[in-house]
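Letters A, B, ... are given to chains in the order of the sequence lines, protein chains preceding strands, and every chain is numbered from 1.
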Amino acid sequence: MAGANELAKAYDPSAIEEKWAKYWVEQRLFDTPVPAAGDHAKAFTMLLPPPNVTGRLHMGHMLNQAEMDILTRWHRMSGERALWVPGTDHAGIATQMMVEKQLAAEGKTTRKELGREAFTDKVWTWKKQYGGAITEQMRRLGASVDWSREYFTMDDTLSPAVIEAFVRLHEQGLVYRGAYIVNWDPKLQTAVSDLEVESEERIGKLYHVRYPLADGSGSIVVATTRPETMLGDTAVAVNPTDERYIALVGKMLTLPLTGREIPIVADDWANPEFGTGAVKVTPAHDPNDFAIGQRHSLPSLSILDQTAKVDLPGSKYHGLDRFEAREQVVADLEAFGLLVAVKDHAMTVPVSQRSGSVIEPRLSDQWFIKIQPLADKAIEAVKEGHIKFTPEMYAKTYFEWMGNIHDWCISRQLWWGHRIPAWHCADCKGITVARTTPAVCSKCGSAEITQETDVLDTWFSSGLLPFTVFGWPPPDGQMTKDMAAFYPTDLLVTGFDILFFWVARMIMLSCHFMLDVPMADGTPRTLKDAVPFREVYIHALVRDANREKMSKTKGNVIDPIDIIKRFGTDAVRFTLASMASPGTDIAFSEARTEGYRAFANKIWNVARFIFMNIDRAKEAGIATKLCAPCLASEIWAEAPIETRWILARLSHTTNEVNQSLKDYRFDEAANAIYQFFWGEFCDWYLELAKVRLDFGGTSNAATELTLGALISVYEAALRLLSPFMPFITEEIWHALYAAVGMPSPAKSIALTRFPLGSEFRGDAVAVADMTMLQELIVSVRGLRKEMGVPEKEATPIVVFATDAPVATLASTNADMLAKMARVSGVTLAQTALSGNGTRSTPGFDVQVLYERVIDVPAERERLSKDLAKYEMGLQAAEKQLANEAFIGKAPAHIVDGLKKQATETKLLFDKTRAALDALNR
RNA sequence: GGGCGCAUAACUCAGCGGUAGAGUGCCACCUUCACACGGUGGAAGUCGCAGGUUCGAAUCCUGCUGCGCCCA
């Protein structure tokens, strides 16, 4: 793209975006090498929350990545050593399920038929073939990540680190194995963590069942929602304060259907208000019952196997599914006359997030992390301010959760993942935990050892990422250069849905492990520098236009790639940025995106306009200069008012953008740029530049100066915009330099400097004068519309102003008024104006001279409306000014402001009154 | 049950103690040689309800109503 004629009239993002996305990656523009010795540029480091390797890009990713990319590009352009590390997560359950499904679709082999090794080979094959899909999509978004550092959580470098972390925790006594109640997913046949369980409201039944006393002296009725588990009951609990049952505590009951004898115990957990007040205790199949069992030393009887079928060989219920068993048990109880009542009951059922099956609390051997010591440090890190949350509110949520944290079950009965480095001894039943495969049992020396089959929770490995990606543990005991240069990372940008899954775990694990790693200079590390990141920015959830959460089942998922194809990546990025205000979710609106596509088109057409004028200048032999550093220079002091004004406005906008980005206010930053570019640069500056640009040859100096300002301000605006809209700005920026015959100063606009407000000349006088002229122009335009002056017809105006400079401004800028408001001539009046075709502001009166009769009723209505408005305003102001308390207590500038406002309103009121009278005459 | 958040123009959202704002949409006019994905002008809100604090409340506090989320 070189000349205006070669540019398409409308911007077509698809024509350029893929080209630049590819260019950025191939040129390795965003690779961040380890700093050379003596290079002390400030680092800005972020980790991409690794998407699941099986994932497809969704709007949440796009928001997350758009925000991270804006920040990375901004920091990079601000001269920092910006590093954004990408990667993908092996996503244990999700990936294993996906490949199993694929196997099922292909033929008959199941995972189990294949065997562990062959299956994991299959998964690796799958990963190699399809695992890059999501990162391909990221490239399309223009994410300026360092691809040279891309990781996968099961890489050869990361896996040993995971093993090392596990072994160390074990050595420190923070890993234990034991039989505990876990959330068991009978479909996936693995334990899952508390976080992977969701609650669902369901209507079930509450069964009242009579348990007879063993001595035949009576009975007790228990209430339960899960009668089938009575096969595993080992007690009945009643509340110690419950007078109905107090006498029965200690007595034995005969458990129906099995004939086993079980005790009645007193325990606070039994709620006298609920059901009958007596509760059956099944320690092996309910977490609360498990706790009761521990308190009363009750045996735990597992009656369900890993597929949730009854596992009681010899019993008539053996082999029945848990729900079938329930029906059978209920039927049998009824037959024995022991079923007292059945009531409908609303209850919450635990459901597996991954498979959707009802979770079966199950007693099994699992590996746990003793979490409290880690949580304590993690709480301290945030309390002490070493980690800052934005919005701050999330710190509360974080403390709430961390304060009630439970030990973390980290073993998963899966094949895809980091296999736990523990070996079971067949002889002594001892466990050997080791970094490398041991030859013999460390306890008894037996060679009959086999490795633990469980793998680690995926979140365990991703929780280690902030330090493992930078080379922990150091291979030779020396801290890696990456670690020295980039840890701790500066910021984590993420959705709050993984606040506990990932964010909290990273904080816990990083604080724990990094505290042991000395600083680069050898001094001990404190918690302040052990943290994984210094700040966490939590963004909103992207919903559909109706505020509904996007989900596959609802079919309301918006595919970012689809939207990008329709509107362009830049427009979508800008939409997300402009809607990303903190605290509220984003209801993604296409209408908004359409608006920003129009914005991109506007930017494009300014380029066409500028190129056209550069061509004209070339033909006329006028120099075209692009000089970014000159924009602060005093050479502009003599420039026409609009040029001095636009520089000041650019300066102001730049400051706003920098400040907003610092505060993570993407919305404010985006709106400031939008408003400046369209509302000021295009609507005013460009139009006024047309007045100055004259290639006829008489006023070359003004033309040269204006064209230079136009090009240079536009170039600065492109840099300002480039973190938000990297594609279109890249395209135009290169073309702009080509057009003025200069080599691009960098390989990419992304490698140039982000503007600073001080780089543009401020001029308060120009801003005040220009504001006044704008008011005058808008007034005249309004009057002309009201009076029905045809668009093309120019009219003379009369201006009255008590303030002399205003009158001078109007007459000396007649050319501006002619262009912007079709004014054919300016006359200055010596007295206030009123009557037909007049409009008044606090600064001036203006009258449009036009012979056409005005629409009297319409004008009367408008004036009456204004009059009423001024009257109300005036009354309110006068009332307040009469209030002594206000005068006494309000700050002076407020009081003065109100007085000034009252005076102005009074003036306008009088003028409007006079105009109305004149009309009625 | 515990905790957190949100209610502002038709829609989507800013503002969070000093006279109500933006984008989209709507109405009218304009094919002016960058752009009709455009230009110009305009209409549109007792800031969920009720109290309180304050000279002054959309903004702070309390309660209520209605939504939403998180944890039990």
Identify all side-chain donor-acceptor contacts of residues 679-686 of chain A below 3.5 Å with residues at least two apart in sequence or on another chain.
{"residue": "A:Glu680", "atom": "OE1", "partner": "A:Arg649", "partner atom": "NE", "Å": "3.3"}
{"residue": "A:Glu680", "atom": "OE2", "partner": "A:Arg649", "partner atom": "NE", "Å": "2.9"}
{"residue": "A:Tyr685", "atom": "OH", "partner": "A:Thr643", "partner atom": "OG1", "Å": "2.8"}

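Separation of the C1' atoms belonging to B:U12 and B:C30 is 29 Å when rounded to the nearest angstrom. Spacing of P atoms, B:G21 relative to B:A58, comes out at 14 Å, to the nearest Å. Only the C1' atoms considered, B:C13 is 27 Å distant from B:A50, to the nearest whole Å. B:G63 sits 25 Å from B:G15 when the C1' atoms are compared, rounded to a whole Å. Straight-line distance between the C1' atoms of B:C11 and B:G45: roughly 14 Å, to the nearest whole Å. With C1' as the reference atom, B:G42 and B:U46 are 23 Å apart, rounded to whole Å. One C1' atom belongs to B:A44, the other to B:U24, and the distance between them is 14 Å to the nearest Å. For the C1' atoms, the distance linking B:U8 with B:C47 amounts to 4 Å, nearest Å.
The closest side-chain heavy-atom distance from A:Pro13 to A:Trp604 is not below 4.5 Å. For the pair A:Trp459/A:Ile498, a side-chain contact is recorded, criterion being any heavy-atom separation below 4.5 Å from C-beta on.
Nearest-nucleotide assignment on RNA chain B puts the 5′-proximal partner with A:Lys9, out of A:Lys9 and A:Ala885. Residue order along RNA chain B, read from the 5' end via each residue's closest nucleotide, puts A:Thr905 first among A:Lys889 and A:Thr905.
Contact annotation: A:Lys602 side-chain N/O to B:A36 OP1/OP2 distance is not under 4.0 Å. Of the side-chain N and O atoms in A:Arg665, one or more sit less than 4.0 angstrom from OP1 or OP2 of B:G15.
In this structure, A:Phe496 atom CZ and B:C70 atom C1' are separated by 7 Å, rounded to whole Å. Put simply, CZ on A:Arg822 is 19 Å from P on B:C29, counting in whole angstrom units. The nearest whole Å value for the distance from the OH atom in A:Tyr596 to the P atom in B:G25 is 12 Å. A straight line from CH2 of A:Trp401 to C1' of B:C71 spans 11 Å, rounded to a whole angstrom. Summarising the geometry, the separation between OH on A:Tyr394 and P on B:G3 is reported as 19 Å, rounded to the nearest angstrom. For the pair A:Asp286 CG and B:A72 C1', the interatomic distance rounds to 14 Å; values are reported in whole Å. A:Ile538 places its CD1 atom 14 Å from the P atom of B:G5, with the value rounded to the nearest Å. In this structure, CH2 of A:Trp604 is placed 17 Å from C1' of B:G38, rounded to the nearest angstrom.
At the heavy-atom level, A:Phe599 lies nowhere under 4.0 Å from the strands shown. Within 4.0 Å of A:Ala591, counting heavy atoms only, lie sugar-phosphate atoms of the nucleic acid but no base atom. Using a 4.0 Å heavy-atom criterion, one finds that A:Lys819 contacts no nucleic acid atom at all. Across all strands shown, A:Glu668 has no heavy atoms under 4.0 Å from either base or sugar-phosphate atoms.
The ring pair (Phe, Tyr, Trp, His ring centres under 6.0 Å) test applied to A:Phe599 returns A:Phe574, A:Tyr674, A:Phe677, not counting sequence neighbours. Partners of A:Lys906 according to the salt bridge (Lys or Arg N to Asp or Glu O under 4.0 Å) rule, which considers only residues two or more places apart in sequence or in another chain, are A:Asp910. Taking A:Lys785 as the reference, A:Glu791 meet the salt bridge (Lys or Arg N to Asp or Glu O under 4.0 Å) condition, with sequence neighbours excluded. Residues passing the side-chain contact (heavy atoms from CB on, under 4.5 Å) test with A:Thr624, sequence neighbours excluded: A:Ile614, A:Ala617, A:Leu707, A:Ile711, A:Val740. When the ring pair (Phe, Tyr, Trp, His ring centres under 6.0 Å) test is applied to A:Tyr664, the partners found at least two apart in sequence or on another chain are A:Tyr537. Partners of A:Met816 by side-chain contact (heavy atoms from CB on, under 4.5 Å), not counting sequence neighbours, listed by chain and number: A:Ile641, A:Glu642, A:Leu688, A:Arg692, A:Met770, A:Leu773, A:Ile777, A:Asn813, A:Met820. Looking at residues two or more places apart in sequence or on another chain, you find a side-chain contact (heavy atoms from CB on, under 4.5 Å) between A:Phe496 and A:Tyr394, A:Ile538.
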Structure string for RNA chain B in dot-bracket form, Watson-Crick and G-U at under 3.5 Å, | interchain: (((((((..((((....[..)))).(((((.......))))).....(((((..]....)))))))))))).
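A distance of 7.5 Å separates OG1 of A:Thr795 from CE of A:Met787, quoted to the nearest 0.5 Å.
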Dump every N/O contact between nucleotides 41-43 of chain B and the protein below 3.5 Å, one line per pair.
{"residue": "B:G41", "atom": "OP1", "partner": "A:Arg781", "partner atom": "NH1", "Å": "3.3"}

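Residue pairs meeting the salt bridge (Lys or Arg N to Asp or Glu O under 4.0 Å) criterion with at least one member in residues 658-678 of chain A, sequence neighbours excluded, are A:Arg665-A:Asp667, A:Arg665-A:Glu668.
For the segment residues 670-689 of chain A, residues with any heavy atom less than 4.0 angstrom from an atom of RNA chain B are, sorted by number, A:Tyr674, A:Trp678, A:Cys682, A:Asp683, A:Leu686, A:Glu687.
Relative to the side chain of A:Asn605, the nucleotides B:C35, B:C69, B:U12 differ in distance, and B:C35 lies closest.
With respect to the salt-bridge test (charged N to carboxylate O, under 4.0 angstrom), the residues A:Glu619 and A:Arg616 do not qualify.
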